[in-house]
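First up is the structure itself, then whatever we jot down about it.
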Amino acid sequence: MDFPLLTATAAVPAVGAILTAAVPAARRTAAKWLALFFSLVTLALAVLVAVRFEPGGDRYQLTESRPWIADFGVRYELGVDGIGVVLIGLTALLIPFVIAAGWHDADPLETSSKRWRPTQGFFALILMVEAMVIISFEATDVFLFYIFFEAMLIPMYFLIGGFGDRAHSGSDENAAAQRSYAAVKFLLYNLVGGLIMLAAVIGLYVVAGNFSLQEITAARAAGTLDMATNTERLLFLGFFFAFAVKAPLWPLHTWLPNAMGESTAPVAVLITAVVDKVGTFAMLRFCLGLFPDASKWATPVILVLALISIVYGALVAVGQRDIKRLVAYASISHFGFIILGIFAMTSQGQSGATLYMVNHGLSTAALMLVAGFLISRRGSRLIADYGGVQKVAPVLAGTFLIGGLATLSLPGLAPFVSEFLVLVGTFARYPVVGIIATVGIVLAALYTLVLYQRTMTGPVKEEVRTMPDLRLREVLVVAPLIALLIGLGVYPKVLTDIVNPAVEHTMSDVKQTDPKPEVAVEAKNGEEAK
């Protein structure tokens, strides 16, 4: 029997979470190092998954299948394709940086309300989220996926509500109320989506007789699974609604700015760079795989919603006064690009969307973590409270600039490649949609450069005159992310070689081929006429 590598990749952070939570309260530093150790072991296992994965091999590899709830046809089935491999890698890569960046975020803090901030719990919850996200990327049993898709809401709820941002302009009581509101809103939105999905999961079992993604897609391809048109559409809507809340897609996005604004910077990264990727990943794996005809039926409406997300998110980001809420609205715009690429139904669009998930995770992590270091020094999230930072903290300002340039998809940095592929893939089938989507690029340049100008340039404000530059720990957090943004911007082939075969399978599921360029068609017709 082969070593259960996929199970181990998800089990290690789960075990780490339990052990970290069990560390005595007086040994906070030991708990931090223990959490960091388990996150690094998980990263090593994720690298091993990528090494053992063969891009030209079977669609799902490193598979595991065991009986679980036999009476209801539920199995413990795991497997990864190229898309799952790169997203597992992204998750395992970011968690050590999240832990290192939040090293002091949950240290005990004496406040007027005498609230205790349990350090061990903070890091244990981060590891538990990692475990649940990883197994969501691995699950090929629909019911198994659903369980962890919903279960990750619980640790995220406590991370948002129990460990909020200390840079709050109001009183302690007001800050606690805002955190509670953000956490409850996050939970309610996602629970409603999850309950609708549960009804769809049950409906799928009634129609298909099992929960196995591989068996259902194989039966659909062979024509042995007869699913009525209206039934397929209703089931698709149930799944898609839950994923659109998680993604988040306009108009189901309103929980994200609250959640990111009230969280610590590392938890904000966990939300948008890790957890939200489960929604867009699931659109590719489950919506297109299980309901190909319904996916094509819903495409026009989804493309419109994606366009609204792109333009709306960018426009609102331009007018933000809060640094973290600006990054949140920018992320809504970026998720619009990801969903646009998925439902453009072209190989370039879907490859670009997958790369966008990875590159957005890296760029948002770099920008948000540096923003968190900046906010912790000044004690304010308001853009107006900064000015001239580059003169007193040039390394901080420089890393902030690179993170911002990656966010606006500057050529030479990783997000440019993914955004370019999404737009090329969209232009090929929906040229008008592609043209409108480019508005988001212009607005991204506007909100990013204005943010940098207002915070980093100009006269040095008195409150930032003594601001220290990045410390060694903070440089070690940011430098690898910047290196990856540059490396993948120059040489994205290391990811596209893994992703492209999986995208071909997805295109086969929906029975779509890339449209031929009109110029080539006209040239061919001209030669035939001669």
Side-chain angles (χ1 to χ4, degrees), residues 13 16-17 20-21 28 31-32 35-36 39 90-107 109 115 117-133 151-168 175-176 178-187 189-190 246 248 255-279 322-332 360-362 364-376 381 403 474 477-478 481:
T20 301
R28 295 191 305 275
K32 297 174 185 179
L36 183 60
S39 70
L90 171 69
T91 303
L93 174 70
L94 289 181
I95 295 302
F97 297 121
V98 167
I99 290 173
W103 201 253
H104 299 298
D105 285 357
D107 287 347
L109 181 67
R115 296 184 64 184
R117 300 166 66 89
T119 305
Q120 287 83 341
F122 179 75
F123 294 101
L125 290 170
I126 291 174
L127 288 176
M128 190 57 68
V129 171
E130 179 183 23
M132 293 178 178
V133 169
M152 69 179 71
L153 301 179
I154 304 305
M156 284 307 308
Y157 168 81
F158 287 109
L159 282 170
I160 297 168
F163 302 91
D165 189 0
R166 295 179 179 181
H168 200 287
Q178 291 294 327
R179 287 198 301 270
S180 177
Y181 172 78
V184 170
K185 189 173 184 179
F186 161 83
L187 188 63
Y189 267 66
N190 285 274
K246 183 85 77 179
W255 63 267
L256 183 65
N258 295 103
M260 288 184 65
E262 297 304 322
S263 300
T264 65
V267 172
V269 170
L270 194 63
I271 294 170
T272 190
V274 176
V275 172
D276 287 355
K277 298 301 187 300
V278 178
D322 184 309
I323 297 174
K324 291 166 71 175
R325 290 178 69 90
L326 185 151
V327 178
Y329 279 106
S331 292
I332 292 169
H360 170 263
L362 296 174
T364 299
L367 181 61
M368 179 60 83
L369 292 179
V370 177
F373 298 149
L374 176 69
I375 292 168
S376 67
R381 307 192 316 237
E474 296 166 336
V477 168
V478 179
L481 296 174

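Position 1 is the first residue of the sequence; numbering continues from there. Values reported hereafter were calculated over all heavy atoms of this structure, with side chains retained and with hydrogens, waters and symmetry mates removed.
- Note that CD1 of Ile332 and CG of Leu256 are 5.0 Å apart. Values are rounded to the nearest 0.5 Å.
- Between Asp105 and Val267 the shortest side-chain heavy-atom distance does not fall below 4.5 Å.
- Side-chain contact between Ile271 and Asp276 is present, with at least one heavy-atom pair separated by less than 4.5 Å.
- Distance check, rounded to the nearest 0.5 Å: CZ of Arg28 to CH2 of Trp103 gives 12.0 Å.
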Requested in this report: Determine, stepwise, if the pair Met260 / Val269 fulfils side-chain contact (heavy atoms from CB on, under 4.5 Å).
Outcome: CA-CA 8 Å; Met260 288 184 65; Val269 170; over 6 Å; no
Practice task
Using the side-chain contact (heavy atoms from CB on, under 4.5 Å) rule, take Val98 and Val274 through it: C-alpha gap first, then chi angles, then the decisive distance, then the call.
Solution key: CA-CA 11 Å; Val98 167; Val274 176; 5.9 Å; no
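- The two residues Ile160 and Ala259 come nearest to each other via the heavy atoms CD1-CB, 4.0 Å.
- Between Met156 and Leu270, some side-chain heavy-atom pair lies under the 4.5 Å cut-off.
- Note that NZ of Lys246 is 15.0 Å distant from OH of Tyr189, once rounded to the nearest 0.5 Å.
- Counting all heavy atoms, side chain and backbone alike, Ala101 lies closest to Val477 at N-CG2, 3.9 Å.
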Does the side-chain contact (heavy atoms from CB on, under 4.5 Å) test come out yes or no for Lys324 and Met368, once each step is laid out? CA-CA 7 Å; Lys324 291 166 71 175; Met368 179 60 83; 3.9 Å; yes
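- Inter-residue side-chain proximity for Leu369 and Leu481 is flagged as met; some heavy-atom pair is nearer than 4.5 Å.
- With contacts defined as side-chain heavy-atom distances shorter than 4.5 Å, the pair Thr272/His360 qualifies.
- The two residues Glu130 and Pro13 come nearest to each other via the heavy atoms OE1-CB, 3.5 Å.
- Closest approach of Tyr157 and Phe186 over heavy atoms only: N-CE2, 4.1 Å.
- Atom-to-atom distance recorded for Ile375:CD1 and Thr264:OG1 is 10.5 Å, nearest 0.5 angstrom.
- Within the 4.5 Å cutoff, no side-chain heavy atoms of Leu36 are placed close to those of Phe123.
- Proximity of a side-chain donor or acceptor of Arg381 to a complementary backbone N or O of Gly261 within less than 3.5 Å is detected.
- In plain terms, the two heavy atoms of Thr20 and Ala124 that are nearest each other are CG2-N, 4.0 Å.
- The shortest heavy-atom contact between Ala151 and Pro155 is O-CD, 3.2 Å.
- Side-chain contact check for Leu159 versus Ser263: every heavy-atom pair is 4.5 Å or farther apart.
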Check your understanding: Given the rule in the side-chain contact (heavy atoms from CB on, under 4.5 Å) test, do Lys185 and Glu262 qualify, once you have shown the distances and angles that lead to the verdict?
Key -> CA-CA 12 Å; Lys185 189 173 184 179; Glu262 297 304 322; over 6 Å; no
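- With sequence neighbours excluded, the residues forming a salt bridge (charged side-chain N to carboxylate O under 4.0 Å, His left out) with Lys32 are Asp107, listed by chain and number.
- With Ser376 contributing its side chain and Phe373 its backbone, the two residues share a donor-acceptor pair below 3.5 Å.
- In this structure, CZ on Phe158 lies 10.0 Å from CZ on Phe163, to the nearest 0.5 angstrom.
- Residues Pro266 and Ile99 fail the side-chain proximity criterion, which asks for heavy atoms closer than 4.5 Å.
- Judged as a side chain to side chain contact (heavy atoms under 4.5 Å, CB included), and not counting sequence neighbours, the contacts of Leu93 are Leu43, Phe97, Leu362, Leu484.
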